[in-house]
Amino acid sequence: MSDGSSFYITTPIFYVNDVPHIGHAYTEVAADVLARWHRQRGEHAWLLTGTDEHGQKILRTATANGVTPKEWADRLVETAWKPLLETVDIKNDDFIRTTDVRHEVNAQKFLQHLFDAGHIYTGEYEGFYCVGCEEYKQPSDLVDGTGEYTGQQVCAIHSIPVELLHEKNYFFRMSTFTDQLLALYEADPTFIQPESARNEVISFVKQGLSDLSISRSSFDWGIKVPWDDSHVVYVWFDALLNYITAAGYGQDDEKFSRLWPATHIVGKDILRFHAVIWPAMLLAAGLPVPTKVFGHGWLLVGGEKMSKSKLTGIAPNQITDVFGSDTFRYYFMRAISFGQDGSFSWEDLSARYQSELANGFGNLASRVIAMVVRYCDGEIPAAGTPTEADAAIRATEIRVTEAAGEAIDRFALHEALASVWELVDELNGYITAQEPWALAKNPEDRARLETVLHTVVRGLGTLAVLLSPVTPQATATLWTALGGTGVVEDQRIDRAWEWTGGTHVSPLSALFPRIEATVG
């Protein structure tokens, strides 16, 4: 298994019953920022994303649209889910589909292994099933319906009526792993994060686990149970296995040993699948459990969870077409405390774009480059004897680099950006206080002018490195203008202040141009 030098991180694989909204993109960006950051620390980072294409929900959606489930999945993957990655600039290493042969074959190997080891048996089950969640629901998971569903019990997440199902299925002996799971949570307090998510899972497991129905015989869209092809594998049991089938389980032992275990980034509504069912499956198979399961909050619009059915879903390109992918990535990583619910509004997005990106970082970059071009013909001057103010900037570069890295290790993406922004603000304040435009008027102040310009160029390069995982396009443009060595995404982010470059800067266009249109 992985010796720790690799950082394997995953998003959930997303259902292809509909097109993605900004909630999906939010998860993708968070995982991508973490992967990029770890790559720039010199680790072997590997980012996996993909699509979940089996199950009753996909079958019903495809049938309603007059196509086969595979045709529906192919269409959505190529026209919506893969384009999403380009829309928000995701640098994933793999994209897995549960209809891939590599997944289906090796998922069957996993299932057969559990069956042979006695972890699977035949039984009957009756319960309330939510097709939206692809999950049997406990009474506590249901609420009274409203509107057209008044008088019915509905899923608390999807607000649609549940169905009473009775099936003869195969069951996974999950109940036998209750104590092992509780021991796992106790031994590694960071296994489930944030703390609120950990407490929820522990409370759930302490109530005692039931065995899990892992097959369906009422429909045939799914992976066949290897010893009984009249059953297909329960979609969640199938989907969770993507994390190991993509990493080489069953076919590439070297790759699997190098990558596994992984860190999972998931929405809090699917936390139990990843923090309870999935580790129990792995324990049964004798495989290491994930490194970490992080359950982030929901994006709220108008106080409600993002939802296509409630017309609160916003397509990512509605934002990126106006503000660009860097703004999308920055806004959602900065404005929302990662791990908690967060509200989206066009007004807040526009305000942060203007104040933080355009006026804060973008204007800083433009001013610095323009002053070096104007006062030094583009040549980056050498520094003279540093003053206390100059030394303070250098100290801030080092401090925020270390603080941001520490926040990333805690998955506090918003805190990492807040730390980096201290350098943005301090550099802007430094320029205002030092007044290089005034120094340029007096030949006697030439040495001081050059020291000031050297200081701000160094600070700006440090910002380019630190912000590269979040705003890769703007920082690549800035890096070129600064004459940075190589490409910015290859620079060591844990030593951002040590960046190197050439002797000259080149003109820089606005990184975040003024946007006149009102959006909403």
Side-chain angles (χ1 to χ4, degrees), residues 20-30 32-33 36 84 86-90 297 299-302 306 312-338 340-370 400 404 412-429 431-432 459-460 463-479 481 488 508-520:
H21 54 60
I22 61 174
H24 302 110
Y26 173 58
T27 308
E28 293 277 10
V29 169
D32 183 63
V33 168
R36 287 175 184 261
L84 168 67
E86 297 180 12
T87 297
V88 291
D89 208 356
I90 305 301
L299 287 188
L300 307 177
V301 174
M306 194 78 54
T312 54
I314 298 171
N317 69 285
Q318 289 179 259
I319 294 174
T320 59
D321 285 352
V322 177
F323 293 96
S325 60
D326 276 358
T327 301
F328 185 104
R329 295 167 63 91
Y330 172 82
Y331 174 77
F332 286 106
M333 296 303 97
R334 178 75 193 273
I336 296 169
S337 296
F338 196 59
Q340 301 179 19
D341 291 349
S343 295
F344 168 79
S345 76
W346 289 104
E347 293 78 11
D348 188 42
L349 171 63
S350 298
R352 285 183 180 269
Y353 176 87
Q354 191 61 41
S355 65
E356 296 171 15
L357 290 176
N359 292 341
F361 176 47
N363 189 48
L364 169 67
S366 296
R367 294 171 75 195
V368 170
I369 298 295
V400 303
L413 298 167
H414 56 293
E415 290 185 25
L417 272 173
S419 292
V420 174
W421 231 252
E422 291 178 26
L423 180 56
V424 173
D425 293 339
E426 194 162 323
L427 282 169
N428 277 316
I431 291 172
T432 299
L460 193 57
L463 283 174
V465 176
L466 290 173
L467 290 173
S468 176
V470 182
T471 57
Q473 294 186 18
T475 50
T477 299
L478 174 58
W479 190 251
V488 68
L508 177 69
S509 57
L511 297 178
F512 299 96
R514 179 179 297 277
I515 295 175
E516 302 291 350
T518 300
V519 184

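Side chains included, hydrogens not; waters and symmetry mates left out as well; all remaining heavy atoms used.
Between the Arg329 side chain and the Pro469 main chain, a donor and an acceptor come within less than 3.5 Å of each other. With hydrogens and angles disregarded, a donor-acceptor distance shorter than 3.5 Å links the side chain of Ser419 to the backbone of Glu415.
The line from CG of Leu460 to CH2 of Trp479 is 10.0 Å long, rounded to the nearest 0.5 Å. Distance CZ/Arg367 to CG/Leu427: 10.5 Å, rounded to 0.5 Å. To the nearest 0.5 Å, the span separating CD1 on Ile22 from CG on Leu84 amounts to 11.5 Å. A distance of 11.0 Å separates OG in Ser509 from CD1 in Ile369, rounded to the nearest 0.5 Å. Expressed to the nearest 0.5 Å, how far OH of Tyr331 lies from CG of Leu417 amounts to 13.5 Å.
Closest of all the heavy-atom pairs between Ser325 and Thr87 is CB-O, 3.3 Å. The nearest pair of heavy atoms linking Arg334 to His414 is O-CB, 4.0 Å. Of all heavy-atom pairs between Val88 and Ala25, the closest is CG1-CB, 4.1 Å. The two atoms that bring Trp346 and Gln318 nearest to each other are CH2-O, 3.6 Å, heavy atoms only. Here the shortest heavy-atom pairing between Thr475 and Ser468 reads OG1-CA, 3.3 Å. Nearest heavy-atom pair across Ser366 and Ala510 is OG-CA, 4.3 Å.
Using a 4.5 Å heavy-atom threshold, the side chains of Phe323 and Leu357 count as separate. Between Phe361 and Leu478, some side-chain heavy-atom pair lies under the 4.5 Å cut-off. Between Arg36 and Asp89, some side-chain heavy-atom pair lies under the 4.5 Å cut-off. Here the side chains of Asp326 and Pro472 are in contact, with some heavy-atom distance below 4.5 Å.
When the options Thr471, Val29, Asp32 are evaluated for a side-chain contact (heavy atoms from CB on, under 4.5 Å) with Met333, the one that passes is Val29.
A donor atom on one side chain and an acceptor atom on the other are not found under 3.5 Å apart for Asn359 and Asn363.
Every ring pair (Phe, Tyr, Trp, His ring centres under 6.0 Å) that Phe332 has, sequence neighbours left out, goes to Phe328, Phe344.
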Would Thr327 and Ile319 count as a side-chain contact (heavy atoms from CB on, under 4.5 Å) if you check the C-alpha gap in whole Å, the side-chain angles of each, and the deciding distance to 0.1 Å? CA-CA 9 Å; Thr327 301; Ile319 294 174; 5.6 Å; no
Test side-chain contact (heavy atoms from CB on, under 4.5 Å) on Leu467 and Trp421; report intermediate values, then the result. CA-CA 10 Å; Leu467 290 173; Trp421 231 252; 3.8 Å; yes
